[in-house]
Amino acid sequence: MTHSSDFLRRLDARGFIHQITDAAALDAAAAKGPITAYVGFDCTAPSLHIGNLVSIMMLRHLQQAGHRPIVVMGGGTTKIGDPSGKDEARQLLDDEQIRANMASIRRIFERFLRFGDGPTDAVMINNDEWLSQLQLVPFLRDYGRHFSINRMLTFDSVRLRLEREQPLSFLEFNYMIFQAYDYLELNRRFGCTLQMGGSDQWGNIVNGTDLIRRVEGREAFGLTTPLITRADGAKMGKTAKGAVWLHEDQLPHFDYWQFWRNTHDADVGKFLRLFTDLPLDEIARLEALAGAEINTAKAVLATEATALCRGRDAALAAAETARTTFAEGGAGEDLPTHAVPAPITIIDALIGLGFAASKNEARKLVAQGGARIDGVAAGSDTAMVGPGQKVSAGKKRHGMIVAG
RNA sequence: GGAGGGGUGGCCGAGCGGUCAAUGGCAGCAGACUGUAAAUCUGCCGGGUUUCACCCUACGUUGGUUCAAAUCCAACCCCCUCCA
């Protein structure tokens, strides 16, 4: 499909599009002039993770294509606690925690989007502003009548649960109504005519466009991204250690860079398109690299992706650390450190650097030859390390012992 | 309400009186091979320690039988299937 709007052409070429409610009409609207679009984000944690990055990049492209992005923080919905996909009720956060999380998350968005008061400057807003003001009876009379239970039951999120006879609470059932109302509110306040999100949000988004049509008689659109998976089928960004955080307080620059550097060969092109701003012809060139050459492309991916999220200086420093550490077998400046006043055993060093959770685990590393001091296998548990020496666990985890 | 089946380590899933910290698979960690990749092969894989050993905690919950229980019994909780 050929799009006439810069916005959809970009998204399409880069692999962001899964479904659109009315692609031709959205394309026409985006070609005609600036549109306003939003994506909603959870604020249960002080940082977002890689899983949110596709949406963030989409907002970035939106703005670059001359449109206005709205970032909706789910402050109100967080207070309710979205139970989907969870076995236990989420720990409910109080206002103060939510405010702190929002402030922290905003700093991430400021790297990807330009905020301000201009016509295409990004806006961040908390849906608690309107959700907590709602009154049940008026709300049900004004909006509840537009939602058909018959239809809500056909949405995957509900239908699958019912078919599997899994419990679905009334609270959860209402979640999609709140989200639909968010969209309506944004349509009224900002003239927002597009909601974007992951493919799992399709049902919620369609509910919003329907509500806007019924209440306001206006057309609004929805667009979802595909679920991004890795070449081996695993969900993107879920490592055994947990989420890959965007915020540096949660994950050091070097580790963030390394995450991207360790991308599977088969994913390099896809990730370059989704997670960097590099021109497509440049990406095509990098993607075509074969054999060990593809490592160049991975380094570019890592540096570009890190530059977006953490700043170019941090990205270049991480790249340099990786180069000296891996290519030269040395030790770069970004490696984690453990300060000690006097030499300690390799066991304590591994624990101090966070490479082993217990002495038992550290001993296993030594026994299996995975623990190295300045690149040489430690040999025994009693080997000593002092300031200035590099300690490694396996091939990818390296750290420095420093005086202190 | 009646009948039957089941709840096991991060997940799936064996075991059904001692030799069980519990087969196997997945995930994870480490090693070899490589390109800081994939695939493959090997080892580790509940926790701890003074580690060729020892000590804790574990098989839904609580009691009981037994020299000895994940395995038998009872009660309870939860899940599933069939009948009403």
Side-chain angles (χ1 to χ4, degrees), chain A residues 85-89 161-169 229-244 251-272 286-303 305-306 315 317-332 334-336 344-351 353-373 375-383 390-399:
Chain A
K86 296 272 182 273
D87 288 336
E88 306 155 18
R161 289 282 281 281
L162 294 180
E163 276 176 8
R164 299 206 318 269
E165 297 191 33
Q166 296 296 309
L168 177 75
S169 73
T229 54
R230 293 191 321 217
D232 63 4
K235 203 169 164 186
M236 161 89 192
K238 289 282 181 199
T239 68
K241 296 182 197 78
V244 178
L251 186 74
H253 297 319
F254 179 64
D255 293 337
Y256 190 77
W257 192 94
Q258 278 292 311
F259 167 78
W260 292 106
R261 172 58 246 269
N262 286 311
T263 297
H264 293 3
D265 286 8
D267 289 328
V268 172
K270 174 159 81 173
F271 288 0
L272 279 166
L286 289 167
E287 190 178 18
L289 294 173
E293 298 271 285
I294 194 84
N295 285 334
T296 313
K298 290 185 188 180
V300 171
L301 168 63
T303 299
T306 305
E320 177 57 18
T321 291
R323 197 186 62 75
T324 53
T325 305
F326 289 99
E328 296 174 5
D334 273 5
L335 293 184
I344 56 175
T345 64
I346 181 66
I347 300 297
D348 290 331
L350 288 167
I351 293 171
L353 284 162
F355 296 160
S358 67
K359 292 194 176 184
N360 230 328
E361 207 175 299
R363 286 195 189 92
K364 261 174 216 162
L365 272 170
V366 174
Q368 295 186 125
R372 280 185 292 281
I373 300 168
V376 181
S380 103
D381 294 356
T382 52
K390 181 175 79 163
V391 171
S392 309
K395 288 183 184 125
K396 293 187 182 168
R397 290 178 292 170
H398 306 280

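So you know, we letter chains A, B, ... as the sequences are listed, proteins then strands, and number each from 1.
With sequence neighbours left out, A:Arg372 forms a salt bridge (charged side-chain N to carboxylate O under 4.0 Å, His left out) with no residue at all. Partners of A:Thr324 by side-chain hydrogen bond (donor to acceptor under 3.5 Å, both in side chains), not counting sequence neighbours: none found. Residues meeting the side-chain hydrogen bond (donor to acceptor under 3.5 Å, both in side chains) test with A:Thr345, sequence neighbours left out: A:Asp348. Among residues two or more places apart in sequence or in another chain, the side chain to side chain contact (heavy atoms under 4.5 Å, CB included) test is passed with A:Glu361 by A:Ala356, A:Ala357, A:Ser358. Partners of A:Ala322 according to the side chain to side chain contact (heavy atoms under 4.5 Å, CB included) rule, which considers only residues two or more places apart in sequence or in another chain, are A:Phe254, A:Trp257, A:Gln258, A:Phe326. Applying the side-chain hydrogen bond (donor to acceptor under 3.5 Å, both in side chains) test to A:Lys396 and every residue at least two apart in sequence or in another chain returns A:Asn262. For A:Asn295, the side-chain hydrogen bond (donor to acceptor under 3.5 Å, both in side chains) partners are A:Arg261, not counting sequence neighbours.
With hydrogens and angles ignored, a donor-acceptor pair under 3.5 angstrom links the side chain of A:Gln368 to the base of B:rG43.
Comparing the C1' positions of B:rG15 and B:rG63 gives an interatomic distance of 24 Å, to the nearest angstrom. Rounded to a whole angstrom, the distance from the P atom of B:rG24 to that of B:rC78 is 35 Å. The C1' atoms of B:rA14 and B:rG9 are separated by 13 Å, rounded to the nearest whole Å. Nucleotides B:rU8 and B:rU23 are separated by 16 Å at their P atoms, to the nearest Å. Nucleotides B:rC73 and B:rC79 are separated by 23 Å at their P atoms, to the nearest Å. Annotation: B:rG48 and B:rG31 have their C1' atoms spaced 25 Å apart (nearest Å). Comparing the P positions of B:rG64 and B:rA69 gives an interatomic distance of 12 Å, to the nearest angstrom. A distance of about 13 Å separates the P atoms of B:rA70 and B:rG17, rounded to the whole Å.
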Enumerate, atom names and distances included, each donor-acceptor pair closer than 3.5 Å involving a side-chain atom of residues 263-272 of chain A, sequence neighbours excluded.
residue	atom	partner	partner atom	Å
A:Thr263	OG1	A:Trp260	O	2.6
A:His264	NE2	A:Asp232	OD2	3.2
A:Asp265	OD1	A:Lys298	NZ	2.7
A:Asp267	OD1	A:Ala231	N	3.1
A:Asp267	OD2	A:Ala231	N	2.8
A:Lys270	NZ	A:Thr229	O	2.8

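Nucleic acid contact class of A:Glu293 (heavy atoms, under 4.0 Å, all strands): none. Among the heavy atoms of the strands, none lies under 4.0 Å from A:Trp260.
Distance, A:Leu365 CG to B:rC45 C1': 12 Å, rounded to whole Å. Spacing between atom CD1 of A:Ile294 and atom C1' of B:rG35 amounts to 11 Å, rounded to whole angstrom units. Protein atom CG of A:Leu289 is 13 Å distant from nucleotide atom C1' of B:rG35, rounded to whole Å. Atom CZ in A:Arg372 sits roughly 13 Å away from atom C1' in B:rC29 (whole-Å rounding). Rounded to a whole Å, the CG atom of A:Asp381 is 14 Å from the P atom of B:rG48.
Residue A:Gly394 is the one, among A:Ala322 and A:Gly394, whose nearest nucleotide of RNA chain B lies closer to the 5' end (criterion: closest heavy atom). Along RNA chain B, the nucleotide closest to A:Ala371 and the one closest to A:Lys364 are compared, and the more 5′ of them pairs with A:Ala371.
No donor-acceptor pair under 3.5 Å is formed between the side chain of A:Thr306 and the backbone N or O of A:Thr303. Counting only distance, with no hydrogens or angles, the side chain of A:Lys390 and the backbone of A:Gly330 share a donor-acceptor pair below 3.5 Å.
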Expected rows: protein N/O vs nucleotides 37-39 of chain B N/O, under 3.5 Å:
residue	atom	partner	partner atom	Å
B:rA37	OP1	A:Lys396	NZ	3.1
B:rA37	O4'	A:Lys298	NZ	3.4
B:rA37	N3	A:Asp265	OD2	3.0

Protein N or O to nucleotides 49-51 of chain B N or O, pairs below 3.5 Å:
residue	atom	partner	partner atom	Å
B:rU50	OP2	A:Arg363	NH2	2.3
B:rU51	O4	A:Asn360	OD1	2.9
B:rU51	O4	A:Arg363	NH1	2.5

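A:Ala362 and A:Ile351 make their closest contact through CB-CG1, 4.4 Å (heavy atoms, listed as atom of the first residue, atom of the second, distance). Among all heavy-atom pairs drawn from A:Val391 and A:Ala349, the shortest one is CG2-CB, 4.2 Å.
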Pairing of RNA chain B as dot-bracket, 5' to 3': ( ) intra-strand, [ ] crossing, | other strand, . unpaired, with Watson-Crick or G-U pairs under 3.5 Å? ((((((((.[[[..)..(.....]]].(((((.......))))).((((...))))...[[[[[..)....]]]]]))))))).
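A salt bridge (charged side-chain N to carboxylate O under 4.0 Å, His left out) check over residues 319-329 of chain A, counting only residues at least two apart or in different chains, returns the pairs A:Glu320-A:Arg323, A:Arg323-A:Glu328.
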